[in-house]
Amino acid sequence: MTFSGVDGAGKSTVISEVSELIEKRYRRPVKVLRHRPSLLPILSVWTKGKEKAHQDAVNSLPRQGNNKSSVSSLFRFGYYYTDYILGQFIIYLKYVLRGKIVLYDRYYFDFIADAKRSNILLPKVVTETGYHLLMKPKFNFFLYAAPEKILSRKKELSYRSICDLTAEYSQLFSKLEKKDQNVKYLSIENNDLDTTLDTIMNTIITTK
């Protein structure tokens, strides 16, 4: 199960609540992962060391990378894509086959709708094509809200960036939903937590 959306859309809160609901209501263990399988570390670990790299990642604002090189972008994408290709099997064997529900806080969709977040500058067709070679999570939720509401929660992105990214994710989810009826891609306006949780849990229950 994946949760996408811009910073301030409420993903962390929703994931925490959904995790608790699944564990209490269905007595199924939950594993929360951030963005990708993380079989491979973030690239900066190789140059800065693990502790410094992760500290910098926590302290830095999103989408501030200044990479303009297609070659560098292709290398970065290839590195992280390898993590998805190899890591998906590890996640499946380590968690899914053992009965755990895996929740992703962000997922591969970021590389398609918001590649700048990973300091990648490539044609969207490249990153979008890569998705078709991955195992498809059963449920994919895109959380969004009005820019004013998001800015009241976090001021990490500009008004225009929020509008543009929301449109990118929305179009992507609509496109993917039409291509594969066996996988759920749902956009949810996250204004009220209880309503959002009801929508997510009802989708899970009613989807065969």
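In this chain, residues are counted from 1 in sequence order.
Using a distance-only test at 3.5 Å, with no hydrogens or angles considered, a donor-acceptor pair links the side chain of Ser73 to the main chain of Leu121.
Pairs of residues two or more places apart, or lying in two chains, that qualify as salt bridge (Lys or Arg N to Asp or Glu O under 4.0 Å) and include a residue from residues 16-45 are Glu20-Lys24, Arg34-Asp105, Arg36-Asp83. Within the structure, no pair that satisfies the salt bridge (Lys or Arg N to Asp or Glu O under 4.0 Å) test touches residues 180-203, not counting sequence neighbours. Counting only residues at least two apart or in different chains, salt bridge (Lys or Arg N to Asp or Glu O under 4.0 Å) contacts with residues 120-130 comprise Lys124-Glu168, Glu128-Lys175.
Evaluation of the side chain to side chain contact (heavy atoms under 4.5 Å, CB included) rule for Val125 yields Pro123, Thr129 as partners, not counting sequence neighbours. Evaluation of the side chain to side chain donor-acceptor pair (under 3.5 Å) rule for Tyr159 yields Glu148 as partners, not counting sequence neighbours. Here Lys100 pairs with nothing under the salt bridge (charged side-chain N to carboxylate O under 4.0 Å, His left out) rule; sequence neighbours left out. Applying the ring-ring contact (aromatic ring centres under 6.0 Å, His included) rule to Tyr80 yields no partners; only residues at least two apart in sequence or on another chain are considered. With sequence neighbours excluded, the residues forming a side chain to side chain donor-acceptor pair (under 3.5 Å) with Ser161 are Ser158, listed by chain and number. With sequence neighbours excluded, the residues that form a salt bridge (charged side-chain N to carboxylate O under 4.0 Å, His left out) with Asp164 are Arg160. Legend: residues meeting side chain to side chain donor-acceptor pair (under 3.5 Å) with Glu177, ordered by chain and number and at least two apart, are absent. For Asp114, the side chain to side chain donor-acceptor pair (under 3.5 Å) partners at least two apart in sequence or on another chain are Arg63.
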Would you mind writing out the side-chain donor-acceptor pairs for residues 86-99 within the sub-3.5 Å range, not counting sequence neighbours?
from, atom 1, to, atom 2, distance (Å)
Gln88, OE1, Met135, N, 2.8
Gln88, NE2, Ile85, O, 3.4

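Figure legend: Lys11 and Tyr104 shown without cation-pi pairing, the cationic atom not lying both under 6.0 angstrom from the six-membered ring centre and within 45 degrees of its axis.
Rounding to the nearest 0.5 angstrom, the gap separating the OG1 atom in Thr2 from the OH atom in Tyr185 is 8.0 Å.
Aromatic rings from Tyr84 and Tyr107 are positioned such that their centres are separated by under 6.0 Å.
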